[in-house]
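Everything quoted here is computed from the prediction, not taken from an experiment. A, B, ... follow the sequence lines: proteins, then strands. Residue 1 opens every chain.
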Amino acid sequence: MAKVIGLTGDEAVAYAVKQCDVDVIAAYPITPQTVIVETLGEFVANGELDAEMVHVESEHSALSVVTAAALTGARVFTATCSQGLALMFEILYITSGVRAPVVMAVANRALSAPINIHADHSDSMGARDSGWIQLYAENVQEVYDMIFMAYKIAENRDVLLPTMVCLDGFTLTHTLERVEMLDDEVAKKYLPPKPTYPYPISAEKPATYGSLALPDYYFEFKMQQQDAMNKAKEVIPKAMEEFSKVSGREYDQFKAYAIEDADVITVALGSTGGTMRSVARELRKQGYKVGSLTLRVYRPFPAEALMEALSGAKVILAMDRTLSFGAIGGPLFEDLRTLFYDAEKRPLIADIVYGLGGRDLTPAEAKAIFKYGLEIAKSGRIPELVKYVGVRE
Amino acid sequence: MSISLPKPEYLAPGHAACQGCGATLIVRQVLMALEPDEAAVIVTATGCLEVVTTIYPRTSWRLPFVHLAFENAAAAASGIETALKVLKRKGLLKEKKKMHVIAIAGDGGTFDIGLQALSGALERGHKFVYICYDNEAYMNTGIQRSGATPYRAWTTTTPVGKKIPGKPQFKKNLAGIAAAHEIPYVATASPGYHVDLIRKVRRALNAPGPALLHIICPCPTGWRHDPSKTVEIARLAVQTRFFPLYEILYGRKYIITMPVPKPLPIIDYLKLQGRYAHLLRPEMKGEVEKLEKAVNDFYKWLERMAEATKDIPLPSWYHV
Amino acid sequence: MSKLLGWRKIPIGTIILEAGSTFEVRTGDWRTFKPVIDHNKCTRCGLCYYYCPDGSITLEVKDGKIVKVDIDYYHCKGCAICEGICPVKAITMVEEVK
């Protein structure tokens, strides 16, 4: 029988990493990611995890350490968020460029200034074009489960792309929830074999990693990354399906509630998905045709699957927990709008920007968001393309 | 230490380094210190060496080579050293040879942008050798000044103007910075003295923790000297005390490996290099004297340190 | 120049699998002057081997002793370091005749 324990999101990450037989961990402390590193540090210090912790002097070095380590075929892990992720920015592109299957937990936190330690998605959203796969967890169980899936996806030979597991700061990182654990043996069987990299560093086959590509070859390497992202679109559902089988927990690229006949569907990332679903359930009881969808995979964007799932809606509300300053709307909004541009039946798509810097989205606000969507469905008109919810004027 | 000839040519020719390049010369000498039953993973910072040796689809390297970014050579080397250690422990490493990790970076990647990652790696105590080939400016981007550019040297960002004749500051003391981490081995070296250089690399490879070699690297393109003069200049740097050769063990024991009791006038070193051409003007005499005094002051300080620490015993791994 | 390959044909991640492959690049045509060894003067001390930035001095070694020193003209860029450091002046730079 699977063990059930109470874990915070950060602890869940550490427990999963331990079960993934990771070899090298490098991380730099940053709130609210710290508990991940502390817990892993404990596992290593107690001999529960046979890995090396590299206590780096910055996030930039954290990602450099694990990227280089991954080239040896070792399984690696790091974690960060916010300013730390911003400091890693240069290396994010290098990790994906050298195709190192690094797994990183991102404890989503707002970006400075003003400095703030609470949740929003401006950190990971800024990295959406960096060639990393991005998974977003809705609750602590998903956080735990996604670490296993992240390795399964990242190390797949057709993919070999670094993968982020994003969990909302404090809302998930520091909230204790019930977590069903995977048996060690089951985890071991699920994970890919080592070496994790197809051309591990070796003196017998000395290869050059991180070469200089001029205009005659640079584009080709970028095309390979794009191809890997496209392949990830097929690998991810399979990895999730396989995980569902071994864990008994149902996984797909998104978690949908009552979307089949809904007039209004909200699309959210992370813990907000839970709020939206619970409010949608309440509204359903009152007869409103609303549904909610929590997107678990943001990059690669599961376009075809989303198109199919959402095409019956009259109104789609994109829930962006970030700002894309100067753009038409938030990134999720823009992706969804682009997705439906060529659709025969185009739903009305509006953007909801909410929750910046850890501001709570209350059930009352969530309800108002659905009602706003229903208004749009009724009038056939979007009053504000981008609606900012929960901000004072 | 025995140098059995010929050594394997770990850096294949055909690379795009300039005629008379000090960096590729240094790399050849450094890698001669490897014994037949040893290999090394080379980790470089972005810079001339990386650029001229790894232009896709060809590489000059016959050892595993990793380049990630400019400022993270020490961090990347930390990652590889750590990973190899774990894989070995877990029985997952299938190497017949003993694997070293050698990070190589220029002065920009060491003195300036890479200093933080270097300090972190030295403090953590990774068993690796860090080589700084110091050509005293950002040569890869076209000769801009760095924290290693000497006093009054011309670079494209410290031009010889009417008001300011070349770089107004002196260079950082890299060996001192590294030694402050109290790591087993720090040394300076010159490719003009290959036996001394190779011996120091051997000691660095033997050291039971991090080791750093600061190597003066003449650059014909950036120093504006004839390519044939690379080795001569590398020797004059030592003979004029401009770049003394010494070692620091555990941050405590100082050893001058090539004493220069009677230094040549510093002008002998400067006059071969176009970057110092302005110092040959009569009105710059005072500046040359200032430079010469600084160089001699430092050398005398080194002598005092060596004398004061001469009773500290040498560790066994030092003897090669 | 070798044929440019497409992205499906090359290994991923900027990796170069052929170690030392710049060896096929002729850098010898950079030269305007070429070093010529006078084998009668050469003492086979091997110093030029240690001071060549281009690994273009080849040694023939028998029983640990250098028996012949040669120049790899395919790669030698003609920097003339070897001429300067040769202790017996056995190397002379001679203008290239093309």
* Asked: Nearest 0.5 Å, what's the CD1-OG distance between B:Ile55 and C:Ser21?
  -> 11.0 Å
* Asked: Out of curiosity, C:Ile15 CD1 to B:Tyr56 OH, how far, rounded to the nearest 0.5 Å?
  -> 9.0 Å
* Side-chain (B:Ser60) to main-chain (C:Gly20) donor-acceptor, under 3.5 angstrom -> no
* Can any side-chain N or O of B:Thr24 pair as donor or acceptor with the backbone N or O of C:Pro53 at less than 3.5 Å? ->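 Yes.
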* With the threshold set at 4.0 Å, does a side-chain nitrogen-carboxylate oxygen contact exist between C:Glu24 and B:Arg58? ->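 Salt bridge between C:Glu24 and B:Arg58, a charged N being under 4.0 Å from a carboxylate O: yes.
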* In terms of heavy-atom pairs under 4.5 Å with chain B, which of C:Thr27, C:Ile85, C:Val25, C:Ile81 leads? ->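 Result: the option with the highest number of such pairs is C:Ile81.
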Does [X] reach the side chain of [Y], with side-chain heavy atoms less than 4.5 Å apart?
X	Y	result
B:His15	C:His75	no
C:Tyr49	B:His194	no
B:Arg28	C:Tyr50	no
B:Gln19	C:Asp54	no

* Asked: So, for B:Thr54 and C:Ile16, which heavy atoms are closest and what is the spacing to 0.1 Å?
  ->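 Residues B:Thr54 and C:Ile16, closest heavy atoms: O-CD1, 4.3 Å.
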* When B:Ser228, B:Ala12, B:Ala17 are compared by non-hydrogen pairs under 4.5 Å with chain C, the top option -> B:Ser228
* Heavy-atom pair count under 4.5 Å with chain C, highest-scoring of B:Ala23, B:Pro220, B:Ala16, B:Gly22 ->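 Top count of heavy-atom pairs under 4.5 Å with chain C: B:Ala16.
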* To do: Measure C:Leu17 against the heavy atoms of chain B and call it side chain, backbone, both or neither at under 4.5 Å.
  => neither
* Segment of B:Glu9 engaging chain C (4.5 angstrom heavy-atom cut-off) -> side chain
* Structure fact -> Taking a cut-off of under 4.5 angstrom between non-hydrogen atoms, the residues of residues 58-69 of chain C near chain B are C:Leu59, C:Val61, C:Ile66
